Amino acid sequence: MTLDVAALRDEFPMLSRRVGGKPIHYLDSANSSHKPNCVIDAMSTFMREAYSPIGRSSYALASEASNAYEGARSKVAGFINAYSPCEVVFTKNATESLNLAAQSWGRANLGKGDAIVLTHMEHHANIVPWQMLAKEKGFEIRWVPLTPDFQLDLSSLDQLLRGAKAISFTSMSNVLGTINPTRELCEAAHAAGAIAIVDGCQSVPHMTTDVRAMGADMLAFSSHKMCGPTGVGVLWAREALLDAMPPFLGGGGMISEVRLDDFTCAELPNKFEAGTPPIVEVIGLGAAVDFLNRVGMTEIRRHEIEMTNYAYRALTARYGDAITIHGPTNPELRGATFSFAFRDVHPHDVSQVLDQHNVYVRAGHHCAKPLMRIIGANATARASMYLYSNEADVDALVDALDDVSSIF
Amino acid sequence: MTLDVAALRDEFPMLSRRVGGKPIHYLDSANSSHKPNCVIDAMSTFMREAYSPIGRSSYALASEASNAYEGARSKVAGFINAYSPCEVVFTKNATESLNLAAQSWGRANLGKGDAIVLTHMEHHANIVPWQMLAKEKGFEIRWVPLTPDFQLDLSSLDQLLRGAKAISFTSMSNVLGTINPTRELCEAAHAAGAIAIVDGCQSVPHMTTDVRAMGADMLAFSSHKMCGPTGVGVLWAREALLDAMPPFLGGGGMISEVRLDDFTCAELPNKFEAGTPPIVEVIGLGAAVDFLNRVGMTEIRRHEIEMTNYAYRALTARYGDAITIHGPTNPELRGATFSFAFRDVHPHDVSQVLDQHNVYVRAGHHCAKPLMRIIGANATARASMYLYSNEADVDALVDALDDVSSIF
Amino acid sequence: MSNLEDLYREVILDHYRSPRNKGELPPPATCTEGANPLCGDEIKIFLDVADGVVRDVRFSGHGCSISQASASMMTAIVKGKPLTDVRAVAKRFKQLMTIEEDDGTTPTDIRLGDIEALQGVVKYPVRIKCAVLGWNTLLEGLDSTST
Amino acid sequence: MSNLEDLYREVILDHYRSPRNKGELPPPATCTEGANPLCGDEIKIFLDVADGVVRDVRFSGHGCSISQASASMMTAIVKGKPLTDVRAVAKRFKQLMTIEEDDGTTPTDIRLGDIEALQGVVKYPVRIKCAVLGWNTLLEGLDSTST
Ligand SMILES: Cc1ncc(COP(=O)(O)O)c(C=O)c1O
Ligand SMILES: Cc1ncc(COP(=O)(O)O)c(C=O)c1O
């Protein structure tokens with residue numbers, strides 16, 4: 001069964017927005033996704049009918065709200081097949097999740113003479129936190145390079161991992177669309193005695209995630225890319241790892257005892273959730289997980305493979321060599337995210353002309369400057385799809401590129 | 001002119017929620033406030049009609065959304081009389097704001113032999129981040145004690161500040177209600193060559209804030225306590241200070257350049273906003289600021305002084321010595337937050353009985369364990385009011401306490 | 001008038017007002033501390049265990065009526081009991097509090113006596129932590145004694 | 001067909017396709033780098049200033065049509081001009097781009113020539129940064145030369 005995309009689109013009010021009297025074609029879902037009515041309504045209904053501080057207060061409404069909040073944690077835990085809800089830490093976004101990994105686990109475990117492994121296709125969120133810490137602690141950062149067909153070059157992986165304490169890598173490139181072999185990478189890490197941290201931002205919204213099958217030690221992702229609200233992200237990690245990690249942010253909720261001279265930490269997951277959490281946003285994320293489960297992650301993945309095929313054919317049929325797609329050609333090995341160069345027109349100009357046709361793509365370095373340098377582009381235009389993307393979106397993109405040709 | 005509280009209450013849908021068929025009396029606003037329709041609607045309308053990633057994408061909808069986001073920043077800047085919007089950094093809550101202050105400013109400026117000054121009435125959010133850093137860096141934490149009438153004892157302030165690099169203090173105690181002399185404290189800090197960091201969580205929602213008049217160097221507060229959504233907080237700091245501070249979280253948006261071996265930071269305020277920000281929540285906070293401006297901060301303060309008077313009289317008239325209110329008696333020197341002991345009944349039991357009457361107060365240590373120890377209470381019950389609190393709320397509290405007496 | 005009779009039964013209030021075995025035991029009795037960080041309740045359990053029997057037990061600390069009454073009832077029931085019985089009662093109690101599932105291994109004939117009165121707590125989930133604080137601390141104490 | 005004629009005027013596309021003064025100047029000419037972190041555009045401005053006059057100027061780097069055309073037009077207009085005129089033109093241009101207010105101090109008779117064609121950019125706020133990148137870099141270069 002494939003998705004009934006037309007029906008799904010009706011659930012996303014933004015998709016019927018018109019600009020200049022014409023429909024819009026949103027092709028920037030790798031950046032952030034739109035929100036279905038059920039998520040928007042879950043948030044506003046909660047604020048209207050059930051809002052309450054959680055955890056710290058004990059009256060009936062507060063425990064009702066706490067239950068809703070913890071219920072969402074269980075939903076998220078189930079969604080990624082975590083061992084226990086207490087392994088799910090709510091952050092503000094995936095960037096905070098990765099900073100938490102670096103500042104808590106990294107600060108406690110990395111020093112002079114140590115090394116970690118990253119890849120050339122990481123997002124800045126999985127580079128800069130490690131660079132910041134490395135500057136202070138003096139450990140080494142090693143890089144997994146790319147093959148010419150936009151895959152990770154694993155030929156020297158074992159060597160890179162030798163003596164390394166962790167590898168942190170993206171499960172799917174936000175620029176190339178490349179899906180990385182997470183399981184193989186996690187196994188190689190463990191064989192070398194390193195832990196495996198997975199940046200799941202681009203895969204968790206688009207395909208089934210199973211942290212047990214993956215064998216990961218930590219997984220970071222963001223709500224706003226998976227039909228959920230902004231303001232909340234997730235760090236999942238194995239319980240034993242979280243237990244051993246020092247706290248990250250200090251404050252209310254994460255302590256068990258505070259004296260003038262010292263403090264002790266609360267149990268998981270509270271230890272890592274200092275201050276008032278994004279209560280409403282977590283409720284919204286729970287609704288997004290329900291929505292994705294209802295639609296079905298397998299079906300979403302299948303739909304995106306179909307769309308990838310469709311887009312590939314449509315773009316190359318019309319433009320041939322005039323368009324260069326930076327990324328694997330096999331749709332099974334990639335997500336529905338296309339970075340491309342169109343003739344020698346600057347991506348900023350491409351996106352400007354597309355914008356005029358209500359075709360919304362992103363142009364720039366996509367927060368992956370090292371990768372851009374490696375693929376030899378200063379910027380690319382990127383069209384990225386999701387469960388609600390349809391052939392009309394792709395057709396509009398293909399047609400609008402004609403206008404780019406006519407201007408430049 | 002006093003507030004038309006009845007009309008205002010109609011704007012807060014949660015206040016008409018009934019439990020067990022009866023109205024609720026929400027007296028936990030120091031913990032978190034309810035949200036008016038205009039805030040809830042601003043968020044859901046934005047998600048339905050204008051949602052878009054900001055900053056990094058260049059199509060028309062993205063710049064529309066960026067303008068809305070930056071517009072909210074300007075509103076917040078205006079609300080506290082900041083010198084410039086670029087001094088307003090959006091965080092996830094006040095706790096993150098204070099951790100940012102500690103981890104960025106503190107990590108760069110505090111070492112062995114240094115000292116900072118806190119007070120005995122701080123919230124854990126303004127204690128633990130400093131303790132965490134002090135453990136690592138070995139600087140000293142000094143404490144401003146309390147007077148018997150629940151004020152800061154400033155008699156030895158100059159001595160405490162001697163050689164200190166910062167004082168960080170709350171503008172209003174979340175337990176005692178005490179309003180601290182922020183201006184005097186900031187001046188004393190500057191005279192001693194220290195910077196002044198203000199935890200504004202409890203004052204910003206309830207009275208006019210003017211960072212220039214205050215003379216503060218940094219100010220932290222949370223959206224969810226000031227009619228805004230969860231998931232967003234603010235750190236305001238002087239531009240020169242922010243400029244000199246190293247980054248806190250690393251990732252997309254906060255960089256100007258990233259190479260394999262290094263990165264450089266973006267300009268303010270982006271430097272401190274790594275990753276996808278709480279876009280929808282910032283829009284909601286902007287709506288909350290508009291709402292508070294419409295109601296009028298002077299009028300809100302006046303209303304809360306009246307409510308304080310009313311509550312004081314009502315509680316002591318009925319219960320005399322059976323109730324002990326931990327906090328200043330003069331309503332001009334305090335906010336409408338009452339921590340109290342009722343006979344020798346444990347606060348948890350007090351709040352349980354009150355809950356049965358739909359009177360929602362918080363019982364516990366209020367994330368201020370050092371203070372609790374100092375006032376000799378293991379826990380207190382706390383009733384806290386806001387612009388929408390009315391005499392019926394207080395009357396319900398007073399009546400319900402009768403039932404506490406009848407059970408215990 | 002309130003509907004709290006379920007929670008604040010007379011026998012609970014009685015244990016709260018007149019706690020049994022409140023106080024301390026000198027060494028070699030062991031002392032185990034427990035706390036409920038959320039509400040600030042703190043408890044100490046003093047245990048004198050010999051020959052597999054709880055010879056004496058005391059508790060001190062502060063907390064709400066439920067935590068104090070529960071601790072008082074607990075001391076009353078475990079005092080003089082063999083450890084196996086104590087553990088079985090603890091298990092039974094946690095099942096009553098719905099925080100442990102009945103795995104069929106608990107003898108069904110265990111009498112909880114006064115403690116049954118605490119079952120009204122289940123309707124007030126946040127108070128369950130208060131009711132089990134003393135019991136959890138006791139179990140921790142037993143674990144450290146028996147090693 | 002698109003409505004982009006305002007933005008992509010013929011004269012702009014001409015400067016983009018055939019940039020004037022593209023290249024480098026050897027020392028002692030100064031070189032100043034500028035970048036637009038959001039979109040990745042990078043530019044270098046080479047300046048040969050003597051006796052208060054911009055004797056020669058070149059630019060290199062990469063960027064979109066607007067940033068390239070604007071830089072090209074800029075070099076064409078400032079080459080050979082006294083510094084005071086250059087600063088006045090820069091100021092006038094930034095006013096055109098609405099990022100600087102007209103404080104009344106700019107002579108009103110400044111001719112921007114081709115550069116006027118860039119005023120369509122104002123309707124596309126995100127592109128304003130592209131249009132001023134070269135100018136800002138030039139001003140930075142002048143500031144560092146004159147000290
Ligand atoms: C004085 C004070 N500081 C800090 C905080 C922490 O705020 P948040 O939980 O929103 O981070 C609070 C509220 O809980 C507070 O009352
Ligand atoms: C691969 C990858 N990692 C990390 C991030 C950062 O996510 P966020 O901006 O939600 O923190 C993103 C998205 O921007 C991403 O695509």
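Each chain gets a letter, A, B and so on, in the order its sequence line appears, and its residues count up from 1. This is a predicted model, so every value here is computed, not measured.
- Top candidate by heavy-atom pairs under 4.5 Å with chain B, chosen from A:G231, A:A368, A:G233, is A:G231.
- A:V258 pairs in a side-chain contact (heavy atoms from CB on, under 4.5 Å) with only one of the listed residues (B:H124, B:E122, B:H123), which is B:H124.
- A:R259 is not listed as a side-chain neighbour of B:P370, based on a closest heavy-atom distance of 4.5 Å or more.
- Among residues at least two apart or in separate chains, there is no salt bridge (Lys or Arg N to Asp or Glu O under 4.0 Å) pair with a member in residues 276-285 of chain A.
- Of all the listed residues (B:P13, B:P278, B:A125, B:A102), the one sharing the greatest number of non-hydrogen pairs under 4.5 Å with chain A is B:P13.
- A ring-ring contact (aromatic ring centres under 6.0 Å, His included) check over residues 29-49 of chain A, counting only residues at least two apart or in different chains, returns the pairs A:Y26-A:H34, A:H34-B:Y51.
- B:E49 has no carboxylate O lying under 4.0 Å from a charged side-chain N of A:K35, or vice versa, which leaves the two without a salt bridge.
- If you measure heavy-atom distances from A:H348 to chain B, the contacts under 4.5 Å come from the side chain alone.
- When heavy atoms are compared at a cutoff of 4.5 Å, A:I141 does not approach chain B at all.
- A:Q131 places no side-chain N or O within donor-acceptor distance of the main-chain N or O of B:G250, the cut-off being under 3.5 Å.
- Considering only heavy atoms from C-beta on, A:D28 comes within 4.5 Å of B:P53 through its side chain.
- Interface remark: A:S33 contributes backbone atoms only to the contact with chain B (heavy atom separation under 4.5 Å).
- A:C367 approaches B:G253 most closely through the heavy-atom pair SG-N, 4.4 Å.
- Your options are B:T91, B:V232, B:L61, and the one with the most heavy-atom pairs under 4.5 Å with chain A is B:L61.
- Contacts between A:L100 and chain B at a heavy-atom distance below 4.5 Å are absent for every atom of the residue.
- A salt bridge between A:E257 and B:R373 is present, with a side-chain N of the basic residue lying under 4.0 Å from a carboxylate O of the acidic one.
- Two residues are said to be in side-chain contact when any heavy atoms from C-beta on lie closer than 4.5 Å; A:I40 and B:S44 meet this criterion.
- For B:M372, no part lies near chain A; criterion is any non-hydrogen pair under 4.5 Å.
- Between the side chains of B:Y59 and A:N358, no donor N or O sits under 3.5 Å from an acceptor N or O.
- For B:R107, the part lying near chain A is the side chain, with the backbone staying farther off; criterion is any non-hydrogen pair under 4.5 Å.
- Only the backbone of B:D261 comes within contact range of chain A, judged by heavy atoms closer than 4.5 Å.
- Both the backbone and the side chain of A:A50 have a heavy atom closer than 4.5 Å to some heavy atom of chain B.
- For chain B, the nearby part of A:I127 is the side chain; its heavy atoms alone come within less than 4.5 Å.
- Taking OG of A:S32 as the reference point, atom CD1 of B:I54 lies at 10.0 Å (rounded to 0.5 Å).
- A salt bridge links B:E64 and A:R17; the closest N-O separation between the charged side-chain nitrogens and carboxylate oxygens is under 4.0 Å.
- Contacts between B:I24 and chain A at a heavy-atom distance below 4.5 Å involve the side chain alone, from C-beta outward.
- Within the 3.5 Å criterion, the main-chain N or O of A:L249 finds no donor-acceptor partner in the side chain of B:N99.
- Counting only heavy atoms from C-beta outward, the side chains of A:I279 and B:H224 never approach each other to under 4.5 Å.
- Between chain A and the residues B:V128, B:N126, B:T230, the largest count of heavy-atom pairs under 4.5 Å involves B:T230.
- Within the 4.5 Å cutoff, the side chain of B:V280 has no heavy atoms near those of the A:P229 side chain.
- Interface residue A:M14: backbone and side-chain heavy atoms are both found under 4.5 Å from chain B.
- Contacts of A:P246 with chain B are absent, with no heavy-atom separation under 4.5 Å from either backbone or side chain.
- Taking CG of A:L118 as the reference point, atom CG of B:L260 lies at 9.5 Å (rounded to 0.5 Å).
- Seen from the ring of B:F263, A:K135 counts as a face-on cation partner, given the 6.0 Å and 45° thresholds.
- Remark: the backbone N or O of A:G251 is not paired with any side-chain donor or acceptor of B:T95 at under 3.5 angstrom.
- Salt bridge annotation for B:E96-A:K92: present, with a cationic side-chain nitrogen under 4.0 angstrom from a carboxylate oxygen.
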